[in-house]
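Order of listing sets the numbers, starting from 1, for every ligand and every atom in it.
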Amino acid sequence: EKCLHLPKDFPQLKNDTFLRAARGEQTQHVPVWCMRQAGRYLPEFREFRAGKDFFDTCRSPEACCELTLQPLRRFDFDASIIFSDILVVPQAMGMEVQMVPGKGPTFPDPLKDPEDLQRLKTKVDVQKELDYVFKAITLTRHKIEGKVPLIGFTGAPWTLMSYMIEGSGSKTFSKVKSWLYRYPEVSHMLLKRLTDVIVDYLLGQVAAGAQALQVFESHAGILGPVEFKAFCLPYLRDIARRVKDQLKETGQDVPMIVFAKDAHYGLEDLSQSYYDVVSLDWTIDPRLAREQTGGKVSLQGNMDPCALYAPKERISEIVKTMLEGFGTQRYIANLGHGMYPDMDPESVAAFVEAVHKHSRQMNKQQ
Ligand SMILES: Cc1c2[nH]c(c1CCC(=O)O)Cc1[nH]c(c(CCC(=O)O)c1C)Cc1[nH]c(c(CCC(=O)O)c1C)Cc1[nH]c(c(C)c1CCC(=O)O)C2
């Protein structure tokens with residue numbers, strides 16, 4: 001039963017720089033990719049998505065494969081990330097989510113009271129409910145022809161809980177935060193249930209062909225250090241520990257990346273949480289991040305996405321300073337968060353070129 005899902009006969013990987021950096025091995029150049037590298041800033045993306053519902057697109061393995069490959073045709077990225085969304089997990093648990101143009105993800109019927117947990121499926125058949133994501137990953141692993149590794153991903157429990165209760169993005173996140181203060185035990189129950197689904201989901205993605213995994217805790221920063229330690233960190237740790245343990249049993253080692261946006265107070269803890277890579281937003285100084293993570297993990301990030309609005313020469317300078325801060329080893333260049341729709345593809349090319357060029361030069365000088 002299990003071996004039916006094991007990756008098999010995929011094309012040989014030609015560029016393992018990203019995986020090497022993630023595992024802390026030497027690299028000739030710093031690998032680079034961008035969060036949201038498949039997105040509306042690409043005219044071919046807008047054309048392909050035109051008139052189609054967002055989650056219908058997510059449920060089509062062929063569409064996900066095409067959208068994942070689009071940025072690789074343009075840019076010399078060292079990794080790709082499967083086109084999907086973090087909100088497919090609440091959907092798999094029985095919640096309705098719509099992508100409303102101009103407004104973003106919206107839950108018509110968010111969780112309001114603790115009793116609403118009863119609306120969630122008690123047993124989630126992840127293999128069945130998220131089969132379309134697994135199919136997308138397997139198809140993409142073939143179509144990518146070993147050019148670069150394919151990253152799978154998930155939202156982290158707290159970030160998913162916040163969408164399930166807020167029903168959309170929010171300025172204050174006061175609805176979901178009120179749960180933490182009024183119903184801490186129910187909150188932990190929900191976070192635990194999300195964790196269980198997420199572990200199965202990540203293992204399913206590896207079985208389907210994902211070569212690395214990123215966990216997005218995009219809403220970490222709305223919590224203070226005490227609540228972060230109580231409601232984020234334990235679940236992030238649990239996810240990595242359980243996924244790693246299960247993979248070890250089948251002799252697999254898949255690098256795991258954690259991105260807890262704006263949780264600079266949590267960097268030391270995150271570096272001791274079974275993840276191979278800690279991904280950083282732009283508010284943290286690279287040298288400080290190295291100090292706080294003490295060489296125990298690789299780092300990823302963290303150029304301010306808005307630096308892509310700068311002229312090419314300026315982007316190159318910003319990249320050089322960033323590389324000097326992080327150093328060229330145990331490092332994966334990326335943005336501190338996703339790209340925006342109005343960004344110029346030419347700037348992305350400049351970013352990627354600058355990372356490759358400067359890091360090769362710096363490696364030669366050492
Ligand atoms: C919070 C979050 C979501 N989704 C995701 C996160 C975590 C990362 C982060 O912090 O940004 C994760 C995500 N969403 C998407 C990817 C695909 C892979 C990639 O990075 O290229 C990934 C990794 C595609 C997408 N997901 C979405 C788009 C844009 C909408 C579209 O294509 O029509 C894409 C390319 C939609 C989405 N989905 C979500 C939001 C907030 C939005 C934006 C809504 C808007 O801008 O109107 C929820």
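Every residue was checked against the salt bridge (Lys or Arg N to Asp or Glu O under 4.0 Å) condition with Lys177, not counting sequence neighbours, and none meets it. In this structure, the salt bridge (Lys or Arg N to Asp or Glu O under 4.0 Å) partners of Arg59, at least two apart in sequence or on a different chain, are Asp56.
At a heavy-atom cutoff of 4.0 Å, ligand 1 is surrounded by Met35, Arg36, Gln37, Ala38, Arg40, Phe45, Arg49, Phe54, Ile81, Ile82, Phe83, Ser84, Asp85, Ile86, Met99, Gly104, Pro105, Phe153, Tyr163, Phe216, Ser218, His337.
Applying side chain to side chain donor-acceptor pair (under 3.5 Å) to His29 and the options His358, Gln361, Arg360, Lys357 leaves one that passes, Arg360.
Remark: the backbone N or O of Glu145 is paired with a side-chain donor or acceptor of Lys14 at under 3.5 angstrom.
Every pair passing salt bridge (Lys or Arg N to Asp or Glu O under 4.0 Å) that includes a residue from residues 66-92 is listed here, sequence neighbours excluded: Glu44-Arg74, Glu66-Arg73.
Under the 30°/60° scheme for interplanar angles, the aromatic rings of Phe228 and Tyr265 are found to stand perpendicular.
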